[in-house]
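The structure appears right after this line, and notes come after that.
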Amino acid sequence: MQRTIRTRPTLPFSPEGDDGLIVCRCEEITKGEIRRAVYDGMRSMNEVKRYLRAGMGLCQGQTCQRLVQGILSRELGLPLGETGRIRGRVPARPVILEDFGMSDGDSEGV
Amino acid sequence: MLRYEMIVIGAGPAGLSAATEAARSGMQVVVFDENARPGGQLFKQIHKFFGSREHQARTRGFRIGENLLKEAEEAGVKVVLNAAALGIYKNKEIAVSFGGATRGYRADCIVIATGASENMMSFKGWTLPGVMGAGAAQTLMNIQGVRPGGRILMVGSGNVGLVVSFQLLQAGCQVEAIVDAAPRVGGYGVHASKLSRTGVPFYMSHTVVEAKGSDRVESAVIAAVDERFRPVAGTEREIGADTVCIAVGLSPMGQLADNAGCEMSYLPAKGGYVPTVSEFGETSIPGIYCAGDAAGIEEASSAMIQGKICAAAACNSFGYINDEEFRERAEAYGLSLSKLRAGMFAPQNKGRTDISHTAEGYPLSGSLLQRGYISQDEIEAFPAARPGSGKGLRPVIECTQNIPCDPCQDACAQGCISVGGDITGLPTVDGDRKCTGCCMCVAACSGQAIFLVDEDCGNGSGLIGLPYEFLPLPEPGALGLALDRSGNALCGAEVVEVRKSAAMDRTAVLMMKVPAGMACAARFFRPADGRQACRGR
Ligand SMILES: Cc1cc2nc3c(=O)[nH]c(=O)nc-3n(C[C@H](O)[C@H](O)[C@H](O)COP(=O)(O)OP(=O)(O)OC[C@H]3O[C@@H](n4cnc5c(N)ncnc54)[C@H](O)[C@@H]3O)c2cc1C
Ligand code: SF4
Ligand code: SF4
């Protein structure tokens, strides 16, 4: 099961030159916003996701999850594997609501 | 709700192999894949694969995919395309979206074979058009037939970065440089060598720090990194490029396993979060299996075997094969898998930098690891790479790392080449056997590491047979330059013959004449008219 380790950053927040870098392309969340979130108390991938929507867009974190984990790992001084992960949820792929609603019925022979 | 005995998610090598194995034993199987084409990653792979005959070595990847699909269909597997699995619920119920609706299915057992996604990296300008994953570039060229760009910077020197770079050259792009933050080339030396000799420079311990351009990439800035991988100020260098390809690793796509409630763990050697599985690929939920890259980043060859292993386990637990049959199959597949998981690039050796010698005791080429090509004095340490003293053409094998591969051994009907039973062994040349100069070994070598050399073919000339996979093929009589292993121009050269045949499967062999004394160093041909895909420095 997923383990969330609650640690806190060891130093106070200080701005960095590349804080304006976009990390989550789908939701346009910057590195600075994610770093700030850590100092606001977000300690895991899922918390950052709920707080900022990073990883909640079209690609569902397929692009940014690793990058956000990397930022968390650096800010919190934790190994990458202890920064948590986005829980796999239904639907695993973006789907048109109309298609999602339509269930069973004609199974086209499959 | 329709019920299947086995539902496989993903029609890549792992999924198709699992499906065929189960269907052949009598199970009723359906495979869903969200792609329009089955075969997963294989359909983009136009190069010849490594491994042994049992792993379909020396066959081009997309052909392996075609074979797998044919086998699956013959075994009675139903393959449904454009069908994305959206979730796995309790009691092995699966929601699949296709044909404008979402449908529920129930399975007795499920094989998750969803593959992997590409890792990205963020740097200034990385959201500009022209920055893309190497896999995306490969899809563009090999599936859509679109050249991703003209001048490429490749970030990452693992096998994916190296293989895609070579394919970019084949598509007519210029690969300006390959950079990697690691101090050593991550992929096979033979892949690096075939890029270096065309003139592609490697920058190890370097990274990309910026992609520049107003509304698309116009250049890229690279910089050296320190031992903690931080860019070193003052080492920046700007490289003209319209495309930056990122090949910095893959992450297993385990979301469906996670969503089903399977126990997950973070295993760096597997590439990230993967479901915890038994030796037969069964997750913590009985009847849900995971195989291929989704269970840990590896290779198509091992994905196929893993697929078969979990299908055999499923067949056994549903009574389609008895315990003894299962034990036999599991043992055979396990053996086949262990042959692939050996050598210096084996999963258990990932990230190791302390391997300094081959298993045979030869010193590994430092130049190959740091610059992407073997230096002349290093190559001389390898007996198979010495042309020998006899008259006529002789095979010269510049395969110097322990990789799981042996097609060269099968290719030579004269028995000149042997790898031995352990396929990670270095090939050796039996000098007592007569080489007929048939070229089959040159064409069969998946690493394009075999050359035919006659140091003195008379009239003060030497002759070299070299593998060539670029279009247009030079005509006999074509004049140009011979390049050395690093891609530097060495001397004038003439192509005296171009050998090709169906058995060579589109790897042509150029017979190139150079002045005597150059045959031991000349390894590539650049036509004088420059009408060729690759660039020289
Ligand atoms: C450039 C490159 C070169 C390579 N060269 C070699 C080589 O020389 N030799 C070698 O052995 N291996 C090579 N590989 C590795 C090999 O391609 C992969 O290891 C292999 O394809 C993994 O097989 P798989 O079946 O696990 O996954 P994949 O081939 O990735 O197939 C997964 C399939 O699952 C489908 N899928 C995913 N999610 C869903 C969903 N939710 N619903 C429905 N379908 C879904 C995908 O569409 C895909 O078709 C190379 C890879 C790359 C990128
Ligand atoms: S050229 Fe032919 S005979 Fe000579 S080593 Fe190669 S395969 Fe054998
Ligand atoms: S020389 Fe033999 S073992 Fe080496 S890459 Fe070529 S085919 Fe494989």
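Side chains are part of it too, since the values below use all heavy atoms of this structure and drop only hydrogens, waters and symmetry mates. The sequence lines fix the lettering, A, B, ..., with proteins before strands; numbering per chain opens at 1.
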### Task
Begin with the C-alpha distance, continue with both residues' side-chain angles, and end with the deciding distance and a verdict on side-chain contact (heavy atoms from CB on, under 4.5 Å) for Val248(B) and Val155(B).
CA-CA 7 Å; Val248(B) 295; Val155(B) 185; 4.2 Å; yes
Given heavy-atom pairs under 4.5 angstrom as the criterion, report whether the side chain, backbone, both or neither of [X] touches chain A.
{"X": "Glu118(B)", "answer": "backbone"}
{"X": "Tyr89(B)", "answer": "side chain"}
{"X": "Ser97(B)", "answer": "side chain"}
{"X": "Ala85(B)", "answer": "backbone"}

### Task
Evaluate the ring planes of Tyr4(B) and Tyr105(B), with Trp represented by its six-membered ring, and classify them as parallel (under 30°), tilted (30 to 60°) or perpendicular (over 60°).
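Because their plane-to-plane angle lies in the 30° to 60° range, the rings of Tyr4(B) and Tyr105(B) count as tilted.
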### Query
Quick one: of Pro268(B), Ala83(B), Ser122(B), Gly272(B), who has the most non-hydrogen atom pairs under 4.5 Å with chain A?
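Heavy-atom pairs under 4.5 Å are most numerous for Ser122(B).
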### Residue among Lys124(B), Gln255(B), Glu34(B) with most heavy-atom pairs under 4.5 Å to chain A
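Top option by heavy-atom pairs under 4.5 Å: Glu34(B).
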### Query
Atom CZ of Phe32(B) and atom NZ of Lys78(B): how far apart are they, to the nearest 0.5 Å?
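With rounding to 0.5 Å, CZ (Phe32(B)) is 9.0 Å from NZ (Lys78(B)).
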### Task
Hey, could you give me the CE/SG distance between Met45(A) and Cys64(A), rounded to the nearest 0.5 Å?
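Met45(A) CE to Cys64(A) SG: 5.0 Å, rounded to 0.5 Å.
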### Message
Could you check whether atom CD of Gln28(B) has more than 12 heavy atoms from other residues, nucleotides or ligands sitting under 6.0 Å from it?
### Response
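Yes, the 6.0 Å shell around CD holds more than 12 heavy atoms from other groups.
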### Task
Mark yes when over 12 heavy atoms from residues, nucleotides or ligands other than Leu267(B) sit less than 6.0 Å from its CG; otherwise mark no.
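Correct, the count exceeds 12.
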### Nearest heavy atoms of Ile285(B) and Gly261(B), plus distance in Å
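That closest heavy-atom pairing would be CD1-C, 3.8 Å.
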### Query
Taking atom types as modelled and ignoring hydrogens, do the side chains of Tyr273(B) and Asp258(B) form a donor-acceptor contact shorter than 3.5 angstrom?
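Asp258(B) and Tyr273(B) do not have a side-chain donor-acceptor pair below 3.5 Å.
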### Donor-acceptor under 3.5 Å (Lys212(B) side chain, Val221(B) main chain)
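Not at all, since once roles are kept as given, no pair shorter than 3.5 Å links the two residues.
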### Query
Picking from Gln60(A), Gln62(A), Arg93(A), which has the most non-hydrogen pairs under 4.5 angstrom with chain B?
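Heavy-atom pairs under 4.5 Å are most numerous for Arg93(A).
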### Residues of residues 66-75 of chain A within contact distance of chain B, non-hydrogen under 4.5 Å
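Checking residues 66-75 of chain A against chain B gives Arg66(A), Leu67(A), Gln69(A).
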